[in-house]
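Worksheet for the structure shown next.
Keep in mind that this is a model prediction, so the values were computed, not measured. Each chain gets a letter, A, B and so on, in the order the sequences are listed, and its residues count up from 1.
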Amino acid sequence: MNVLLDNLDLYGRGFLGTIQLFLVAAIGSLLFGTILAGMRVSPVPVLRAFGTLYVNTIRNTPLTLVLFFFAFAYPRLEIADISFFWRACIGLILYTSAFVCEVVRSGINTVPVGQAEASRALGFTFGQTMSQVVFPQAVRSVVPPLTNVQIALLKNTTIAAGFSVVEAGGIYAALSERGYNVLVGLLWVALFFVILVVPLTLLQRNLDRKWSTAR
Amino acid sequence: MTDTGTPMIRMVTVDKHFGELHVLKDINLEVDAGQVVVVLGPSGSGKSTLCRTINRLEPIDSGVIAIDGEELPAEGKALAGLRADVGMVFQSFNLFAHKTILENVMLGPLKVRKQNKGEAEKNAMRLLERVGIANQKDKYPAQLSGGQQQRVAIARALAMSPKVMLFDEPTSALDPEMVQEVLDVMTSLAKEGMTMLVVTHEMGFARRAANRVIFMADGEIVEDAAPDAFFTNPTSDRAKDFLGKILTH
């Protein structure tokens with residue numbers, strides 16, 4: 001218990017960092033992943049090709065590499081000076097979007113083609129067909145796997161500790177410097193992660209219930 | 001109906017293949033404003049494809065299709081604008097499953113015609129009244145019977161104030177006792193002077209409501225005649241054979 005109580009500042013800062021990273025990356029990856037999914041089903045061949053290439057490249061790259069790129073290679077490109085925190089966010093967003101894209105795309109495939117045809121016949125543009133008819137139904141049918149991806153993202157944030165973003169994954173290192181029992185410290189970290197996932201699970205259950213009645 | 005001389009639907013030397021299969025062979029067809037044309041034919045004769053090419057849900061290989069004198073543009077904003085003027089009713093209804101009945105009818109006018117909400121709702125309610133489902137307006141499509149869903153689909157198409165209505169086998173997916181309620185709506189539309197192209201197997205409707213019957217076989221228009229003439233005195237062997245099969249069973 002002392003490990004936790006003596007180091008509350010450490011845990012507090014760590015998990016605050018984790019939550020911030022997660023919220024930014026979750027929103028960013030949901031948006032960008034959905035746009036990617038739209039590209040992959042669009043009638044424009046160039047967009048389709050880009051979407052496919054993106055997903056197959058990023059999905060097959062280890063997250064560590066993506067983050068290392070932004071930590072060490074990006075500054076050498078001398079494009080714009082961005083803080084470690086935001087570079088970590090960008091890396092997580094780019095990586096997670098590939099997975100969000102594939103989940104949303106599988107949801108798109110559950111929406112009957114006839115409904116897209118009906119909306120085209122009404123005079124909807126491709127964008128309107130997607131935003132009004134296809135995406136709302138696609139997302140509803142993939143809430144559980146989409147939650148999975150976001151839970152994975154939450155845990156992936158710990159990798160950002162590898163390049164000095166303050167977050168929960170780095171707590172153990174600081175603990176051992178201060179001379180505390182690292183094993184016990186890590187158990188607390190694990191417990192906090194479980195607690196962080198609970199709201200996501202509840203959100204999933206709520207959305208599932210709400211949308212299954214409205215169909 | 002004012003006859004401007006321009007046919008509402010004009011198809012000139014239209015050809016289409018699905019891979020090896022030649023589904024539409026040199027189709028020439030004109031439908032005048034206010035005309036009701038019923039397309040008959042055995043399955044696989046290309047009649048559904050014909051219907052779907054008219055608003056370019058199926059692109060064609062060659063030829064020209066024009067709606068009210070305006071040639072169909074390639075995919076894009078201009079095509080969307082033209083489709084808005086062509087109502088379409090599908091065999092499988094294709095209502096938006098996540099929207100209520102009222103929202104289904106309002107969505108097109110709101111998003112495509114940019115009507116305000118009050119206007120769109122008033123118009124939608126008038127149309128739902130007309131097809132007899134106003135009391136179901138807050139339900140979702142899955143909660144309605146097939147016949148009711150198809151009547152909503154007709155109301156949804158009418159909400160765009162289309163110049164012409166296409167019906168692609170509108171009663172083929174319905175239980176027999178629900179066919180009539182849909183045909184009644186279509187018959188009243190025809191009486192009001194709506195230009196309609198109807199792909200169907202309902203011979204009664206063809207006799208009662210059509211100005212013209214088109215008989216297709218193997219991707220070609222084989223006969224084009226008034227209903228009475230077609231049913232009592234078909235000229236081609238294909239049509240005689242077809243009518244023999246459906247009228248004697």
Side-chain angles (χ1 to χ4, degrees), chain A residues 30 34 37-49 51 103-144 146 204 206-215, chain B residues 51-52 54-59 74-100 103-114 138-143 149 152-154 156-162 164-168 173:
Chain A
L30 285 175
T34 306
M39 286 182 179
R40 290 206 69 177
V41 298
S42 88
V44 185
V46 180
L47 292 182
R48 272 207 308 273
V103 169
V104 171
R105 193 165 67 97
S106 75
I108 289 173
N109 291 336
T110 68
V111 182
V113 182
Q115 288 187 40
E117 279 189 346
S119 62
R120 282 159 68 205
L122 280 175
F124 285 22
T125 59
F126 175 76
Q128 285 176 320
T129 300
M130 292 313 275
S131 65
Q132 297 296 321
V133 176
V134 178
F135 280 140
Q137 296 186 70
V139 171
R140 278 162 207 221
S141 67
V142 293
V143 169
L146 213 48
Q204 172 194 343
N206 253 324
L207 290 177
D208 256 350
R209 191 174 308 150
K210 185 172 139 208
W211 283 336
S212 64
T213 49
R215 249 187 290 180
Chain B
C51 186
R52 290 164 56 86
I54 294 172
N55 63 359
R56 210 172 184 278
L57 282 183
E58 296 287 356
E75 206 72 40
K77 277 232 156 62
L79 178 64
L82 208 126
R83 277 177 179 151
D85 289 335
V86 180
M88 179 137 190
V89 176
F90 300 84
Q91 180 175 353
S92 47
F93 329 133
N94 296 344
L95 295 178
F96 306 134
H98 63 306
K99 301 265 183 200
T100 64
E103 288 168 346
N104 261 279
V105 181
M106 285 169 63
L107 198 61
L110 285 178
K111 299 293 170 190
V112 179
R113 297 274 190 237
K114 311 286 182 201
D138 294 322
K139 289 194 179 168
Y140 286 89
Q143 296 169 295
Q149 288 191 51
V152 174
I154 294 174
R156 177 176 68 177
L158 289 175
M160 302 295 290
S161 319
V164 50
M165 287 281 283
L166 308 173
F167 293 83
D168 185 8

Review point. Of all of A/Val111, A/Val133, A/Thr125, which one pairs up most often with chain B through heavy atoms under 4.5 Å apart?
Key: A/Val133

Study note, to complete from the structure: Applying a strict 4.5 Å limit to non-hydrogen atoms, the region of B/Arg113 in contact with chain A is neither

Study note, to complete from the structure: Smallest heavy-atom separation, A/Ala121 atom then B/Met88 atom, equals CB-CB, 4.0 Å

Review point. Is it the side chain or the backbone of B/Leu166 that comes within 4.5 Å of chain A heavy atoms, both, or neither?
Key: neither

Exercise for review: Report the option among A/Ala116, A/Ser119, A/Pro112 that has the most heavy-atom pairs separated by less than 4.5 Å from atoms of chain B.
Suggested key: A/Ser119

Study note, to complete from the structure: Closest non-hydrogen atoms of B/Lys99 and A/Gln132, given as atom of the first, atom of the second and distance, are CE-O, 4.1 Å

**Study point:** B/Phe90 portion near chain A, given a 4.5 angstrom heavy-atom threshold
**Key:** side chain

Practice item. Please name the pair of heavy atoms, one in A/Leu122 and one in B/Met160, separated by the smallest distance, quoted to 0.1 Å. Key: O-CE, 3.2 Å

Review point. Top residue by heavy-atom pair count (under 4.5 Å) with chain A, among B/Asn55, B/Leu82, B/Val89, B/Leu95?
Key: B/Leu95

Check your understanding: Nearest heavy-atom pair of A/Arg140 and B/His98: which atoms, and what distance?
Key -> NH1-CB, 3.8 Å

Practice item. Calculate, to the nearest 0.5 Å, the distance between atoms CZ and CZ belonging to A/Phe124 and B/Arg83 respectively. Key: 12.5 Å

